[in-house]
Amino acid sequence: MSEHPILVTGATGKSGRRVVSQLRAKGLPVRAAARSGEHVFDWTDSGTWDAALEGVRSVYIVQLDGTKLVRPFIERAVRHGVQRIVLASGRGIDNPEYAKDSSGVLEGILDSEAATRESGLEWTISRPGWFAQNFSEGFFADAVRAGELRLPAGDGAASFVDAEDIAAVVVAALTEDRHAGRIYELSGPRAVTLAEAAATISEATGREIRYVPLSVEDYVAELVRQGLPPADAEAFADVIDPLREGKDAYVSDGVQRALGRPPRSFSDFAKSTAAAGGWPV
Ligand SMILES: NC(=O)c1ccc[n+]([C@@H]2O[C@H](COP(=O)([O-])OP(=O)(O)OC[C@H]3O[C@@H](n4cnc5c(N)ncnc54)[C@H](OP(=O)(O)O)[C@@H]3O)[C@@H](O)[C@H]2O)c1
């Protein structure tokens, strides 16, 4: 399949960007697609799908949360002769007790997983837990830069997974034959509390980052004072619930199963991110 470009959607995001660079490091041709990517692709404009899929045999699918566009996209991919797909999903998706779905993304992701399994193609599903990169590029990054992580997470812990490992699993699934029909649940090697995460980043950056546990009510009130609509503030609080409740503290073996090596630790993530200038002041 190597003369055909590999299509990477979400190519500017936390996992997709790393998948693009790891594939290119192997000398493989890549079509890096996103609205602001090298190849312009918009989930909400199906007129951009054919040009993205032209001549492609393998695709990494980073869906647009809150939609059911993966199913028609896979149908289109089949018509283009795509043979292999790897879907970005999430841990907890098959557990109705995992979290409140106030932002309405669960139904779409479940439909994407079903469409992937029913596609008739070679498929692999990546189900990562909380990304370590939420502290450097995502949800918590601004708070880390400001030196104070104010969250309703109590002393809950999560087995944060490094997006470099997520990308390595995706690259293996895109390029090797033995991952077809597998669902890989991905985590780091052990659970890390928010206080421990803050201390580890403090040590790596040489700057003090404090974790301040808040009640859910105080957290929502702070976000509303910062200008967020109350419904959005509640939705953010709901996302933190599983963290506080320790529902993401368990360790999954997907990195070991897919790559034959253990996952990177949170400390390795913090050191390498700090060394790469990932937390500019
Ligand atoms: N963060 C976590 O801890 C976590 C944990 C488990 C699962 N997940 C799941 O992982 C997925 C997110 O993956 P990620 O963190 O790698 O991505 P991400 O960093 O959130 O980036 C999203 C990517 O999608 C692209 N995108 C956004 N809107 C688009 C549109 N309308 N059309 C085409 N592309 C669009 C963005 O690029 P442009 O803006 O340039 O288009 C970007 O490349 C989500 O489904 C999320 O639910 C996340």
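Just so you know, ligand 1 is whichever comes first in the structure, and atom 1 is the first atom listed for that ligand. Small disclaimer: the values here were computed from a predicted structure and weren't measured. Start at 1 with the first residue, then count along the sequence.
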Pro128 to ligand 1, any heavy atom closer than 4.0 Å: yes
Numbering as shown, the atoms of ligand 1 that approach Phe41 to under 4.0 Å (heavy-atom distance): 32 (N), 33 (C)
Determine whether the side chain, the backbone, both or neither of Val62 has a heavy atom under 4.0 Å from any heavy atom of ligand 1. side chain
Are side-chain N/O atoms of Ser15 and Tyr60 paired as donor and acceptor at under 3.5 Å? yes
Is ligand 1 under 4.0 Å from a heavy atom in the side chain of Leu64, in the backbone, in both, or in neither? side chain
Please classify the Asn134 to ligand 1 contact at 4.0 Å (heavy-atom distances, strictly less than): side chain, backbone, both or neither. side chain
Report the part of Ala88 in contact with ligand 1, treating N, CA, C, O as backbone and CB onward as side chain, heavy atoms under 4.0 Å; options are side chain, backbone, both, neither. neither
Can you name the atoms of ligand 1, numbered from 1 with element, that are less than 4.0 Å from a heavy atom of Trp130? 3 (O)
Tyr250 six-ring centre to Arg91 NZ/CZ under 6.0 Å and within 45° of normal: yes
Using a 4.0 Å cutoff against the non-hydrogen atoms of Ser89, which atoms of ligand 1 qualify? 7 (C)
Looking at Phe135 versus Phe266, is the centre-to-centre ring distance below 6.0 Å? yes
In ligand 1, the atoms that come under 4.0 Å of a heavy atom of Gly13 are 18 (P), 19 (O), 21 (O), 42 (C), 43 (O)
Element-labelled atoms of ligand 1 that are located less than 4.0 Å from some non-hydrogen atom of Asp65: 44 (C), 45 (O), 46 (C), 47 (O)
Membership question, hydrophobic clusters at under 4.5 Å side-chain separation (ILVMFWY): are Leu174 and Leu121 in the same one? no
Please tell me whether Trp43 and Phe73 form a close aromatic pair, meaning their ring centres lie under 6.0 Å apart. yes
How are the rings of Trp130 and Phe140 set to each other: parallel, tilted or perpendicular (split at 30° and 60°)? parallel
Identify, by atom number and element, the atoms of ligand 1 in contact range of Gly129, meaning under 4.0 Å from any of its heavy atoms. 5 (C), 6 (C)
Note: ligand 1 atoms sitting under 4.0 Å from heavy atoms of Thr12 are 36 (C), 37 (O), 38 (P), 40 (O), 42 (C), 43 (O)
Tell me whether the rings of Phe236 and Phe139 are parallel (<30°), tilted (30 to 60°) or perpendicular (>60°). parallel
Show which atoms of ligand 1 fall inside a sub-4.0 Å distance from at least one heavy-atom site of Ala11. 43 (O)
